[in-house]
S.K.: 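Below: one structure in structure tokens.
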Amino acid sequence: MASRLLHCHIREQLKDLKEVTHESLVVGAIENAFHVMDEQMAQERRGHQVEGGCCALVVVYLLGKVYVANAGDSRAIIVRNGEIIPMSREFTPETERQRLQLLGFMKPELLGGEFTHLEFPRRVQPKELGQRMLYRDQTMTGWAYKKIELEDLRFPLVCGEGKKARMMATIGVTRGLGDHNLKVCSSTLPIKPFLSCFPEVRVYDLTQYEHCPDDVLVLGTDGLWDVTSDCEVAATVDRVLSGYEPNDPNRYTALAQALVLGARGAPRDRGWRLPNNKLGSGDDISVFIIPLGGPGSYS
């Protein structure tokens, strides 16, 4: 639904602008479009009993500028003359810990008496009541000590690290579309109040740099980035594109295929494996390549 309709909502929001006098107007239009999309999903869910949600990563090209909007754990980077320019960041319980904790602190009723907005290095045990333990709240980037109280025995709003990080012990992403009916496991407590549909939008001015045919914008879902670093993607960009003529229309498709197949790995006795023998990606691997300059460019 998002892939079919989100770009239509962005177009409608942009049409409402009489003129684009500042990039902040375009950013606002994109943000509004995500909100409208999320609301439409809520209405469709009521009428058709459809569940679920998704991340969204969107690119808009307008008046010489590229706008990259991300809500979720997908990622976009520009590879320009070998240089890597991040165009998004992932939104996970780890990266958005302070936003989530602030909401839990301001609206404790959303925690349902089941969770604490505080974070501890590990789960607090009943035998530790009255003892001192490291913690951090919504205002802190470091750690401090506090005396453990009864409320601290509740499950933490944010727990785990890396791919195992979870919000409300249920979901590993904190922004996206849909999931209006998602509940905490074995509970009726809704998770949607903590899920934001608003994207972060980053802007790249194409007119400030003379791009060559090998300069590309790479969009990928977490299945790619779980097993492939930005530097490895940049190396693949260089290796694949150097094997094609600049005006060959197949070069960018070949690059996308190489990135997907590289993240998936090859079948071996013990499952799909990467060249370093680590497991290949077990998540969705979707990749888009957008050329930024030269023959075959959209610029």
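We're numbering straight along the sequence, starting at 1.
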S.K.: Is it the case that Thr92 and Asp73 place a side-chain donor and acceptor less than 3.5 Å from each other?
M.R.: no
S.K.: Where is the tightest heavy-atom contact between Gly265 and Trp272, given as atom of each residue plus distance?
M.R.: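 For Gly265 and Trp272, the tightest heavy-atom pair comes out as O-CE3, 3.3 Å.
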S.K.: Distance-only, no hydrogens or angles: does the Asp152 side chain make a donor-acceptor pair with backbone N or O of Glu149 under 3.5 Å?
M.R.: yes
S.K.: Judged by atom type as modelled, is there a donor-acceptor pair below 3.5 Å linking the side chain of Asp248 to the main-chain atoms of Glu245?
M.R.: no
S.K.: Which is it for Asp214 and Arg80 under the salt bridge (charged side-chain N to carboxylate O under 4.0 Å, His left out) test, yes or no, and what are the steps along the way?
M.R.: CA-CA 7 Å; Asp214 289 356; Arg80 187 186 69 191; over 6 Å; no
S.K.: Has Arg202 got its NZ or CZ under 6.0 Å from the middle of the six-membered ring of Tyr67, at an angle within 45 degrees of the ring axis?
M.R.: no
S.K.: Using distance only, find each side-chain donor-acceptor pair of residues 184-192 under 3.5 Å and give its atom names and separation, not counting sequence neighbours.
M.R.:
residue: Ser187; atom: OG; partner: Glu114; partner atom: OE1; Å: 3.4
residue: Ser187; atom: OG; partner: Glu114; partner atom: OE2; Å: 3.0
residue: Ser187; atom: OG; partner: Leu189; partner atom: N; Å: 3.0
residue: Lys192; atom: NZ; partner: Asp38; partner atom: OD1; Å: 3.1
residue: Lys192; atom: NZ; partner: Asp38; partner atom: OD2; Å: 3.2
residue: Lys192; atom: NZ; partner: Gly178; partner atom: O; Å: 2.8

S.K.: Verify, without hydrogens or angle tests, whether Thr236 (side chain) and Ala234 (backbone) share a donor-acceptor contact under 3.5 angstrom.
M.R.: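 No, the answer is negative, given that no donor and acceptor are paired below the 3.5 Å cut-off.
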S.K.: Using modelled atom types and a 3.5 Å cut-off, is there a donor and acceptor pairing between side-chain atoms of Glu94 and backbone atoms of Gly162?
M.R.: yes
S.K.: If we only count heavy atoms from C-beta on, is the Val173 to Cys55 side-chain gap below 4.5 Å?
M.R.: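 A side-chain contact under 4.5 Å exists here.
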S.K.: So Val203 and Val66, side-chain contact (heavy atoms from CB on, under 4.5 Å) or not? Walk me through it.
M.R.: CA-CA 6 Å; Val203 186; Val66 171; over 6 Å; no
S.K.: Is it true that atom NZ of Lys107 has more than 12 heavy atoms of other residues, nucleotides or ligands lying nearer than 6.0 Å?
M.R.: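 Incorrect, the count does not exceed 12.
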S.K.: Contact between Ile78 and Ile84 at the side-chain level, heavy atoms closer than 4.5 Å - yes or no?
M.R.: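 Answer no - side chains too far apart.
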S.K.: Over all heavy atoms of both residues, which pair between Val216 and Pro291 is shortest? Give the atoms and the distance, please.
M.R.: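 That closest heavy-atom pairing would be CG1-CA, 4.1 Å.
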S.K.: Does Arg154 make a cation-pi contact with Phe115 (under 6.0 Å, within 45 degrees of the axis)?
M.R.: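 Cation-pi check for Arg154 and Phe115: fails.
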S.K.: Are the side chain of Arg136 and the backbone N or O of Ala144 linked by a donor-acceptor pair below 3.5 Å?
M.R.: no
S.K.: Any side-chain to backbone donor/acceptor pair from Asp283 onto Gly223? Under 3.5 Å, distance only.
M.R.: no
S.K.: Taking CD in Glu161 as the centre, count heavy atoms belonging to other residues, nucleotides or ligands within less than 6.0 Å. Is the count above 12?
M.R.: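 Result for CD/Glu161: open.
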S.K.: Side-chain contact, heavy-atom cut-off 4.5 Å: Leu195 with Met167?
M.R.: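 Counting from C-beta outward, Leu195 and Met167 do come under 4.5 Å.
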S.K.: Mind checking ring pair (Phe, Tyr, Trp, His ring centres under 6.0 Å) for Phe288 and listing every partner two or more places apart, or none if nothing turns up?
M.R.: none
S.K.: What's the shortest heavy-atom distance between Tyr244 and Ala254, and which atoms?
M.R.: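 The answer is OH-CB, 3.2 Å.
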S.K.: Around atom CD of Glu151, are there more than 12 heavy atoms of other residues, nucleotides or ligands at under 6.0 Å?
M.R.: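 Enclosed.
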S.K.: For a quick test of reading the model, state the closest non-hydrogen atom pair linking Cys197 to Leu177 and the distance between them.
M.R.: CB-CD2, 4.1 Å
S.K.: Between Val124 and Leu134, is there shared hydrophobic-cluster membership here, with clusters defined by ILVMFWY side-chain heavy atoms closer than 4.5 Å?
M.R.: no
S.K.: Do Thr116 and Leu157 come within less than 4.5 Å of each other through their side chains, counting heavy atoms only?
M.R.: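 The answer is no, as the side chains (C-beta and beyond) never meet within the 4.5 Å cut-off.
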S.K.: In terms of the angle between their ring planes, are Tyr204 and His211 parallel, tilted or perpendicular, with boundaries placed at 30° and 60°?
M.R.: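 Judged by the thresholds at 30° and 60°, the geometry between Tyr204 and His211 is perpendicular.
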S.K.: Do Val240 and Val227 sit in the same hydrophobic cluster, where Ile, Leu, Val, Met, Phe, Trp and Tyr count as joined when their side-chain heavy atoms come under 4.5 Å apart?
M.R.: no
S.K.: Evaluate the side-chain proximity of Val201 to Glu31: yes if any heavy-atom separation is below 4.5 Å, no if none is.
M.R.: yes
S.K.: As a quick check of understanding, evaluate side-chain contact (heavy atoms from CB on, under 4.5 Å) for Leu206 and Tyr61, giving each step before the final call.
M.R.: CA-CA 10 Å; Leu206 283 168; Tyr61 170 71; 3.4 Å; yes
S.K.: I'd like to know if Val260 and Val79 are part of one continuous hydrophobic network [Ile/Leu/Val/Met/Phe/Trp/Tyr, side-chain heavy atoms within less than 4.5 Å].
M.R.: yes
S.K.: Take Lys147 and Met133 through the test side-chain contact (heavy atoms from CB on, under 4.5 Å) and record every step on the way to the result.
M.R.: CA-CA 7 Å; Lys147 184 178 179 180; Met133 182 179 288; over 6 Å; no
S.K.: Going by atom types alone, do His9 and Gln40 pair a side-chain donor with an acceptor below 3.5 Å?
M.R.: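 The criterion, which ignores hydrogens and geometry beyond distance, is satisfied for Gln40 and His9.
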S.K.: What is the distance from atom OH of Tyr145 to atom OH of Tyr135, rounded to the nearest 0.5 Å?
M.R.: 12.5 Å
S.K.: For the pair Arg251 (side chain) and Pro213 (backbone), establish whether a donor and an acceptor sit closer than 3.5 Å, ignoring hydrogens and angles.
M.R.: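 Looks like yes, one N/O pair under 3.5 Å.
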S.K.: So which atom in Ala76 and which in Val68 form the shortest heavy-atom distance, rounded to 0.1 Å?
M.R.: CB-CG1, 3.8 Å
S.K.: Can you measure from CD1 (Ile30) to CD (Glu200) and round to the nearest 0.5 angstrom?
M.R.: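 Ile30 CD1 to Glu200 CD: 12.5 Å, rounded to 0.5 Å.
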S.K.: To the nearest 0.5 Å, how far apart are CD in Gln13 and CG in Asn32?
M.R.: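 Nearest 0.5 Å value for the CD-CG distance: 4.5 Å.
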S.K.: Within the supplied structure, the quantity of interest is the number of heavy atoms (other residues, nucleotides, ligands) at a distance under 6.0 Å from Tyr209 OH; does it exceed 12?
M.R.: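 Yes, because the 6.0 Å sphere around OH of Tyr209 holds more than 12 heavy atoms from other groups.
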S.K.: When rounded to the nearest 0.5 angstrom, what distance separates CG in Asp222 from CG in Asp284?
M.R.: 7.0 Å
S.K.: With the 4.5 Å side-chain cut-off for hydrophobic clustering, are Leu25 and Leu14 part of the same group?
M.R.: yes
S.K.: Between CE of Met168 and CG of Leu182, what distance do you get to the nearest 0.5 Å?
M.R.: 9.5 Å
S.K.: Any side-chain heavy atom of Met87 within less than 4.5 Å of one from Ile77?
M.R.: no
S.K.: Any non-hydrogen side-chain atom of Phe194 less than 4.5 Å from a side-chain atom of Ile171?
M.R.: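 SC-SC contact between Phe194 and Ile171 ruled out.
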S.K.: Is it true that, when you exclude Arg123 itself, more than 12 heavy atoms of the residues, nucleotides or ligands shown sit nearer than 6.0 Å to its CZ?
M.R.: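 Count over threshold, so yes.
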S.K.: Is Arg175 paired with Glu96 through a side-chain N to carboxylate O contact shorter than 4.0 Å?
M.R.: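 Here Glu96 pairs with Arg175 in a salt bridge, since their nearest N and O are under 4.0 Å apart.
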S.K.: First locate atom CG of Leu62, then atom CG of Leu17, and finally report the distance between them rounded to the nearest 0.5 Å.
M.R.: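 With rounding to 0.5 Å, CG (Leu62) is 9.0 Å from CG (Leu17).
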S.K.: Is it possible for you to say whether Leu102 and Leu110 belong to one hydrophobic cluster, with membership spreading through side-chain heavy-atom contacts below 4.5 Å?
M.R.: no
S.K.: Are the side chains of Leu274 and Thr228 in touch, meaning some heavy atoms are under 4.5 Å apart?
M.R.: no
S.K.: I'd like to know if the side chain of Arg97 and the backbone of Asp137 have a donor-acceptor N/O pair within less than 3.5 Å.
M.R.: yes
S.K.: Restricting to non-hydrogen atoms, name the atom on Phe155 and the atom on Cys159 that form the minimum distance, rounded to 0.1 Å.
M.R.: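 So the minimum-distance heavy-atom pair works out to CE2-SG, 3.5 Å.
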S.K.: Looking only at the side chains, is there a donor atom on one of Arg75 and Asn70 sitting less than 3.5 Å from an acceptor on the other?
M.R.: no
S.K.: Take Val287 and Leu219 through the test side-chain contact (heavy atoms from CB on, under 4.5 Å) and record every step on the way to the result.
M.R.: CA-CA 6 Å; Val287 176; Leu219 313 178; over 6 Å; no
